[in-house]
Amino acid sequence: MLAGSDRSYSRRDTILFLACLALAVTALFAPVGLTHGIATFLRESVLAPLVWLQERAEEGRTSRARLRAIAAQRDSAAHVAQLVPALTAENERLRGLLGLSRRIRTPYVPAEVLHQPQATDPRMLLLGAGRSAGVMAFDPIVAPEGLLGMVVSAGRSTSTAMTWAHPEFRVSAYTEEGGVFGIVAGAPAATASEVSLEFRGVAYRDSVAPGTLVLSSGLGGVYPKGIPIGTVLGIIREQAGWERVYSVRPAANPGATAHVLVLTAPRDRSVADAFAADTAAPAPEMPASPPPAPPPPPARRDTAR
Amino acid sequence: MTTTRRARLHLTLVMGLLVLLHFYVRPRLGAARLSPDLLLFALVTFAMRSGAGVASVAGFVVGLASDALSPARFGASALAHTLVGYAAAWGRAVFFADNILVNAAFVAVGLWLRDLVLLLASGGGDRPLGLELAVYAPLQGVITAAAGAVVLFAARQFLDLRVDT
């Protein structure tokens, strides 16, 4: 054992402890822009080799599963190609078989999620792609099941993303059937068994049936229109005759996601057709043109931006 | 080389190995929330063999690294790990630390304390505080302590540890 182990506490120890405490508290209340800058700097300097190691480990963990998925996709594609003589005409169907990344038409960057063993992990995710891959702050991140969140800061080779589990997450949304608009945010009083979202600001005259799919509306310029957010479970509360708040079961689980797609600009076109087959909604055939737009929305903005 | 210097070198080598294991092996184990937190184990092991001041600085550095990798609230992890480092060094003066089971218990309690401070400092989240502190933190604490006990047992001669419980 080291000699220092049995020392009684000195003045120097107390000063070091208090200094560390003061620095930590200062960091806790420092401006968000500054702390994101410090975090990005640390990730890309002293922590870069460790992040690189973790990326290799994540690749190793998922490579076998990915290989199986790719082999299955290749087999499916080969099967379809053998049955159908006109390969060009079947291109759309093959795109459907090859998963979300092939269906999605807006520019995107695939990224691995580097999970950390901390209680706050599902709220903020570390992604293995950064500015060098084209990722920028406010880029939405999606899983095949639906919306996960958005990038809050992008470094050269890594970035951090806020998920729907974060208390500050907000997204403008509308219902698939009926075009009822509102804002989706995390449920502050979620219980252990049902981690859920809230669909807020729904006009009292509008009612939303349980099971209705809630999609991003595209308002605010952060999230493109048509990304599944979740499914309505029921009414949580009503606000004095002017607003209803609904409980929403999230479509994607940030704690269990290993890979995401970061949607890069432009975000002005709908991505609804890319998700149709992966959500709770009935899976229609891939439309040749985008689905009809919902009724004109009220003037609202994503508050997350 | 003096005994103290050799012990310090051995401890540094084990710490380095734990950091490598944390970033290269732990991600392969699956669920991040239930995989052993080897950084925290390394911190507690180091803190129990150091003075309180050095342990606080080590905790701050580990916390800062955690904040950079998962910045739910920057500074929260630094605060939590500083307190854990200091508490582990302080615990050294109260408990007999040259024992594997005592080390493991320190790790489990340290992880729970870390999660408590981290959750309180970073505010509300997707899961209620009670669930985290009653289920996930103790479970991860036990898993981390068990993994730590295995590491300490394997490195018992290297670290000059007692095996008897």
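Below, read A as the first sequence line, B as the second, and so on, with proteins coming before strands; counting in each chain starts at 1. The figures here come from the full heavy-atom set of this structure, side chains too, leaving out hydrogens, waters and symmetry mates.
Note: B:Arg26 leads B:Arg114, B:His81, B:His10, B:Arg26 in heavy-atom pairs under 4.5 Å with chain A. In terms of heavy-atom pairs under 4.5 angstrom with chain B, the leader among A:Ala27, A:Gly186, A:Ala57 is A:Ala57. For chain B, the option among A:Thr26, A:Leu42, A:Leu50 with the highest count of heavy-atom pairs below 4.5 Å is A:Leu50.
For the pair A:Arg123 (side chain) and A:Ala165 (backbone), a donor-acceptor distance under 3.5 Å is absent.
Residue B:Phe60 touches chain A through its side chain alone, counting heavy-atom pairs closer than 4.5 Å. Residue A:Leu47 touches chain B through its side chain alone, counting heavy-atom pairs closer than 4.5 Å. A:Leu23 touches chain B through backbone and side chain together, each having a heavy atom under 4.5 Å away. Both the backbone and the side chain of B:Leu64 come within less than 4.5 Å of a heavy atom in chain A. Contact of B:Thr144 with chain A is not made at all, since no heavy-atom distance falls under 4.5 Å.
A cation-pi arrangement is present between B:Arg28 and B:Tyr24, with the terminal nitrogen or guanidinium carbon under 6.0 Å from the aromatic centre and inside a 45° cone about the axis.
Between B:Asp67 and B:Arg73, no side-chain nitrogen of the basic residue sits less than 4.0 Å from a carboxylate oxygen of the acidic one, so the salt-bridge criterion is not met. A:Glu198 has no carboxylate O lying under 4.0 Å from a charged side-chain N of A:Arg170, or vice versa, which leaves the two without a salt bridge.
With sequence neighbours excluded, no residue satisfies salt bridge (Lys or Arg N to Asp or Glu O under 4.0 Å) with A:Glu55. When the salt bridge (Lys or Arg N to Asp or Glu O under 4.0 Å) test is applied to A:Arg56, the partners found at least two apart in sequence or on another chain are A:Glu59.
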